[in-house]
There are 2 protein chains.
Amino acid sequence: METKFSDKLSDIRLHYKIWMSDANETGIMGDGKWQMLKLIEEKGSMKAACDELGYTYRRTWGNLKKIEKFFGFPLLEKQRGGSDGGHTALTEEGKRLVRAFDAFHKAVDSQIQEGFEKFINELKK
Amino acid sequence: METKFSDKLSDIRLHYKIWMSDANETGIMGDGKWQMLKLIEEKGSMKAACDELGYTYRRTWGNLKKIEKFFGFPLLEKQRGGSDGGHTALTEEGKRLVRAFDAFHKAVDSQIQEGFEKFINELKK
DNA sequence: TACCGATATGCATAAATAAACATATCGCTA
DNA sequence: TAGCGATATGTTTATTTATGCATATCGGTA
C-alpha cells in the first residue's frame with residue numbers, strides 16, 4: 001500500500017469506448033450513436049437530443065445516416081413539418097438495436113469497472 | 001434467426017479502447033501506450049517498437065513523456081549513444097504498470113467479446 | 001577523432017474530425 | 001397564406017491530432 005504510484009492513483013479516471021465497424025472499418029454503431037438513439041427515443045426529437053448532448057444537428061444527422069446506410073433499412077422514423085416542426089422516433093428495428101446495445105453495456109460495464117479497481121489496487125501494493 | 005438485421009451481422013467488427021486520464025482529462029495511460037511499453041520491453045528500443053507498430057518516433061516520444069510527467073518518476077530507462085546508438089528499457093515501475101494493465105485486459109477482454117457475441121445473437125433472433 | 005545509430009526536441013505541414021454557417025423543405029396553425 | 005420549428009443537406013471554417021522535417025546530443029567502435 002505504499003508504492004511510488006500511491007499518491008497519484010486517486011486522480012486517475014477510467015474511460016472506455018465500444019464501437020462496431022463494417023469490414024471497411026467505417027464506424028457504424030457505438031457508444032455515441034447508442035446514447036443518441038436512446039435520447040431520440042426518449043425525446044421524440046433529433047434536435048432536442050442534440051441540444052441535450054451538446055452535439056451539432058449536422059453532425060448527428062450524418063452519423064445516424066451511416067448506420068442506416070449500413071443496414072439498408074431505416075432505424076428512425078422522421079416526420080417533417082407540422083405544428084411542432086417535426087419529430088423523430090425509432091422504428092422497431094431501431095428499438096431492437098438499442099435494446100441489444102443496452103444489454104451489451106449492462107453486461108460489460110461492471111466488469112470493466114471491477115477490472116479497473118483491481119488495476120488500481122494492484123499498483124497500490 | 002431471420003430478422004432484417006441478419007444478413008449484415010456477419011460483417012460487423014467489434015472495437016474498443018480503454019484508457020485513463022488525469023483529473024484534467026489528459027490521457028495518461030491506455031491501450032496504445034500499453035502496447036508500446038510492452039514492445040519496448042521486448043525490443044529494448046523505442047525506435048524498433050515504433051517501427052513495428054507503425055508509429056512515428058516523434059509522436060511516441062511525446063506520448064510516453066506524458067505518462068512520466070503524470071506519475072512524476074521514470075517508467076523508462078533510456079540510454080543514448082554507444083555502439084548500438086542507444087536503447088530503452090522499462091524501470092521496475094514501468095514493468096509493474098504494464099503487468100497491471102496486462103491483468104486488466106486479461107480480465108475484461110473475454111467478457112467484452114462474449115458480450116459482443118450475445119449482442120449479435122440477440123439481433124439475429 | 002570521425003562515424004553510426006538511437007535518443008531528444010523544436011517547428012512546420014498535412015490529414016482527419018468537428019463546428020459553424022447557410023439555405024431549403026415540410027406541414028400544421030393562426 | 002404567412003410563420004414557426006424541426007428535419008435535410010451543401011459548404012466553409014476551426015480544431016485537433018498526426019506526420020514530416022530538421023537538427024542536436026550521446027558514447028561506443030573503427
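Within every chain, numbering begins at 1; the chains are lettered A, B, ... in the order of the sequence lines, protein sequences first and strands thereafter.
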Grab the CG-P distance between B/Leu64 and C/dA8 for me, whole Å please.
10 Å
Partner residues of B/Glu122 under the salt bridge (charged side-chain N to carboxylate O under 4.0 Å, His left out) criterion, sequence neighbours left out
B/Lys125
Which residues share a salt bridge (charged side-chain N to carboxylate O under 4.0 Å, His left out) with B/Lys118, sequence neighbours left out:
B/Glu114
Does anything in residues 38-48 of chain A form a side chain to side chain donor-acceptor pair (under 3.5 Å)? List the pairs, not counting sequence neighbours.
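Of all non-adjacent pairs touching residues 38-48 of chain A, those that pass side chain to side chain donor-acceptor pair (under 3.5 Å) are A/Lys38-A/Asp102, A/Glu41-A/Arg99, A/Lys43-A/Glu52, A/Lys47-A/Asp51.
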Pairs satisfying side chain to side chain donor-acceptor pair (under 3.5 Å), at least one member in residues 67-92 of chain A, at least two apart
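For residues 67-92 of chain A, and leaving out neighbouring residues, there are no side chain to side chain donor-acceptor pair (under 3.5 Å) pairs at all.
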Partners passing side-chain contact (heavy atoms from CB on, under 4.5 Å) against B/Asp31 (at least two apart in sequence or in another chain)
B/Lys17, B/Ile18, B/Trp34, B/Phe101, B/His105
What pairs with [X] under ring-ring contact (aromatic ring centres under 6.0 Å, His included), at least two apart in sequence or on another chain?
X	value
B/Trp61	none
A/His15	B/Trp19
B/Phe5	A/Phe71, A/Phe73
B/Phe116	none

Residue-phosphate contact under 4.0 Å: B/Lys65 side-chain N/O, C/dT9 OP1/OP2:
yes
Sorted by number, the residues of residues 79-89 of chain A with heavy-atom contact under 4.0 Å to DNA chain D:
A/Gln79, A/Arg80, A/Gly81, A/Asp84, A/Gly85, A/Gly86, A/Thr88
Looking at residues 37-61 of chain A, who's got a heavy atom less than 4.0 Å off DNA chain D?
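A/Ser45, A/Met46, A/Lys47, A/Tyr57, A/Arg58, A/Trp61, in order of number.
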Locate the shortest heavy-atom distance separating B/Arg96 from A/Thr3; write the atom from each residue and the value.
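Minimum heavy-atom contact is NH2-CG2, 3.4 Å.
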Shoot me the first and last contacting nucleotide of DNA chain D against chain B, ordered 5' to 3', at under 4.0 angstrom to non-hydrogen atoms.
D/dA18 to D/dT29
